[in-house]
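All remarks here apply to the structure that follows.
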Amino acid sequence: MSQSAMDKNLCAHWQAQHQAALQRVGNCLLEYPEAKVAIVGLMARAYDRALQLGMPHRRLDNWRYAARALQQAIGTIADDSATQIVSSADNYFCAARYVSVPSGASSDKVSWMDAEAIDLPAGVQVGSLASALQNPVAAPALITHWQQALERLLEQPVHDYQQHTLALMAAASWVDSCVIYVPAAVHLDELLHVQLNMLQPTLAASLCFVILEQQAKAHILLEHRAPKPDSALQVMWCDIACAAESTLVHYQLQAADSSLQCALWSQVQIAAQASYDLFSAGAGARLWRQENIICLSAPKGHASTTHLLQSNADRQFMETRCQIHHQAPECQSQQVWRASVKHASQVVQQGAVKIAPGAATEEATQDTAAVLMHPAAEVVTQPALEIYHDSVQCAHGATIGELDPAALFYLQSRGVTRGQALQLLQTAFAQQAWQHWPHPAVACYMQQRLQHSAVDLREQASISDLLQEGPLKTQDVNHA
Amino acid sequence: MLQLQQVQVQTQVDSGAAKSIVKGLDLHVPAGQVHVIMGPNGSGKSTLSRALAGDPSYDIHGGEALLDGRSLLGLSPEQRSHAGLFLGFQYPTEIAGVNNIYFLREAYNAQRRARDEAEVDAVDFLKIIKPYMDLLQMDARYKSRAVNAGFSGGEKKRNEILQMLVLQPKCAILDETDSGLDIDALQVIATGVNQMRSPERSILLVTHYQRLLNYIQPDRIHVMLDGKIVKSGGADLALELEAKGYAWLQSTDKKQEA
């Protein structure tokens with residue numbers, strides 16, 4: 001079978017799954033004729049566009065094109081039907097998004113708090129997009145940021161902005177969303193753990209906004225969970241804004257089932273003297289892509305990314321693309337990427353540092369390392385530096401190695417099976433990255449989740465209530 | 001307990017050709033006895049040890065290797081371990097990032113699973129290993145360190161003996177367990193090995209030097225030359241080798257061949 005024929009088959013498979021899943025979950029939006037036409041139409045356009053430009057795993061930018069086509073199509077829904085859609089979609093919308101801060105043992109650095117007991121400082125918003133709009137402190141900032149984020153997503157200005165349009169756009173694209181808003185000078189000393197459950201086993205899109213105002217501080221763990229092993233495709237946008245002198249430590253965990261196709265985007269804007277540190281760990285999917293675009297748009301900003309990929313099944317394709325744009329002077333950035341490929345899978349890394357004219361840079365480094373743990377494993381790494389200024393300090397290094405057979409034999413000689421030995425060695429390799437996690441308890445949690453990627457998501461009763469077939473229950477998840 | 005009959009081991013060299021290293025070796029180590037293999041560098045002692053443990057770099061292409069009547073050939077390294085074979089490495093591999101005690105517990109539980117026995121949890125395991133660590137004068141720091149990573153030579157050998165004591169194999173092959181040890185460390189290691197002596201267990205030591213045998217009384221000594229056992233004898237043989245070297249046996253071996 002030719003490449004294009006395989007791509008067509010895959011596309012058709014996704015579309016069919018998508019259609020079936022919409023019917024299965026009883027998406028209320030389908031009750032409205034205009035919405036149904038628009039939704040089905042935008043689906044078709046997105047897939048056609050994807051096919052036209054080449055499938056995601058062959059044309060990396062194609063994921064973005066498909067997603068943009070979706071967003072652009074949403075804007076064509078007429079406003080007169082918008083209100084009707086919003087009123088019922090809001091119920092669906094609230095129920096479809098879940099924010100939890102699970103309870104559990106506390107460590108000296110992390111405190112897990114029960115969702116009902118959460119006691120956030122005044123003005124802090126953790127909840128759905130719709131609920132955030134009801135928050136008088138968060139709403140104005142959120143609208144501004146949402147508009148800016150939207151314009152970035154659509155790459156065009158958004159005029160006549162209306163509050164209800166916001167919820168409409170979110171709901172109409174089956175978007176579940178999460179907003180984390182921290183007002184100026186507020187420090188969230190305890191880690192906030194947000195579980196984003198992709199409740200729809202379909203082409204589900206989810207938006208996450210993280211907004212830190214000036215001098216705010218927060219540590220956030222965003223965990224992406226897929227309820228169904230046969231989910232078609234998940235798309236997650238994460239828009240992050242760090243205002244001047246704010247500090248954000250962002251943990252991101254994706255431990256999905258290997259049959260999932262998943263794309264994660266994040267765009268991060270870092271203002272003057274703000275600091276952003278990303279620690280991301282993923283077990284991948286059949287087709288998995290993560291893209292991080294970070295803009296150091298004002299002087300003395302800091303950004304660091306640490307990616308850890310662990311393939312956990314055969315025939316996976318995992319790709320990360322991380323771009324850090326130095327747009328102002330005296331900024332620093334570091335990129336660390338580690339991958340271990342335990343099966344016949346392919347992992348791709350594209351890392352770029354782009355330094356604009358006038359952006360004298362103190363430090364910009366890239367460090368990538370990968371280990372091949374299977375004869376058919378494949379790693380492609382492409383670090384890149386694009387420099388348009390003379391006064392910079394940049395460095396990049398990349399290594400790809402094979403499994404040490406002596407280590408494998410040593411472990412097996414003590415009675416550990418080959419599979420266990422590979423797991424131990426994969427974990428050992430990952431320790432190079434884990435040791436840099438600021439919160440050891442978070443690292444421990446994320447390691448456990450990665451090792452049990454196919455874990456039953458009903459392990460926590462509070463989540464299992466939402467993971468049901470059929471119409472979703474309406475719940476107020478506003479934790480403000 | 002350990003019975004080797006005309007064992008032949010080869011390995012692949014860089015050119016892809018097979019190189020024969022062990023060329024028809026016979027050896028019987030009964031249960032309850034300690035045997036020693038001595039020989040010059042390159043005689044095949046370590047190759048034999050690793051091949052018996054299942055090192056994929058070596059191929060036992062002839063003969064038979066029986067442990068307690070069960071053939072080891074065709075078994076994976078972990079299966080040989082489950083069958084009761086233990087190899088103390090000459091150069092224990094450093095594995096950064098794998099916790100020493102966590103790994104040992106995994107190995108211990110893997111053995112127990114192979115015997116359909118219940119696994120032990122971390123707390124109970126620490127109780128199991130504590131007396132052995134005390135015997136080997138290993139302090140608590142070893143629990144948090146990675147497997148052999150950053151260990152001195154003596155520490156690595158102690159770690160090997162600790163693993164042997166915990167896993168309680170039927171047959172332990174200790175490949176130059178005395179190399180790189182000072183006198184005090186040698187005595188500690190020897191104490192650990194002697195702890196393992198029992199009527200149900202056989203031990204095969206590989207060594208160059210007689211000094212280890214001052215602390216571990218062997219039942220039989222075998223000399224290996226060019227891939228074969230050329231002479232066997234009692235404890236006195238080690239003293240004779242110490243006095244005459246291996247050249248004496250090499251010239252004797254050549255005369256016999258002629």
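Residue numbers start from 1 in every chain, and the chains themselves are labelled A, B, ... in the order their sequence lines are given, proteins ahead of strands.
Interface remark: B:Pro169 contributes no atoms to any contact with chain A (heavy atom separation under 4.5 Å). Interface remark: B:Tyr108 contributes no atoms to any contact with chain A (heavy atom separation under 4.5 Å). There is no contact between A:Leu408 and chain B, counting heavy-atom distances below 4.5 Å. If you measure heavy-atom distances from B:Arg113 to chain A, the contacts under 4.5 Å come from the side chain alone. There is no contact between B:Asn109 and chain A, counting heavy-atom distances below 4.5 Å. Heavy-atom distances place the backbone of B:Ala96, and not its side chain, under 4.5 Å from chain A. Both the backbone and the side chain of A:Gln412 come within contact range of chain B, judged by heavy atoms closer than 4.5 Å.
The number of heavy atoms from other shown groups lying within 6.0 Å of CD (A:Glu402) does not exceed 12.
Taking B:Arg50, B:Glu106, B:Gln163, B:Gln79 one by one and counting their heavy-atom pairs under 4.5 Å with chain A, the maximum is reached by B:Gln163.
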Take B:Thr93 and A:Asp404 through the side chain to side chain contact (heavy atoms under 4.5 Å, CB included) test and state the conclusion after the steps. CA-CA 10 Å; B:Thr93 306; A:Asp404 180 5; 4.2 Å; yes
Audit row: B:Tyr102, A:Leu424, side chain to side chain contact (heavy atoms under 4.5 Å, CB included) steps and yes/no: CA-CA 10 Å; B:Tyr102 176 83; A:Leu424 282 170; 3.5 Å; yes
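Residues B:Ala53 and A:Phe409 share a closest heavy-atom pair of O-CE1, 3.6 Å. When all heavy atoms are compared, the tightest approach of B:Ser81 to A:Gly415 is OG-N, 3.2 Å.
Residues A:Ser413 and B:Phe89 form a side-chain contact, since some pair of their non-hydrogen atoms from C-beta on lies under 4.5 Å apart. A:Thr427 has its side chain out of reach of B:Val98: every pair of non-hydrogen atoms, C-beta onward, lies at least 4.5 Å apart.
Proximity of a side-chain donor or acceptor of A:Arg414 to a complementary backbone N or O of B:Leu87 within less than 3.5 Å is detected.
The CG atom of A:Leu411 sits 4.0 Å away from the CD1 atom of B:Ile95 when rounded to the nearest 0.5 Å.
Aromatic rings from B:Tyr91 and A:Tyr410 are positioned such that their centres are separated by 6.0 Å or more.
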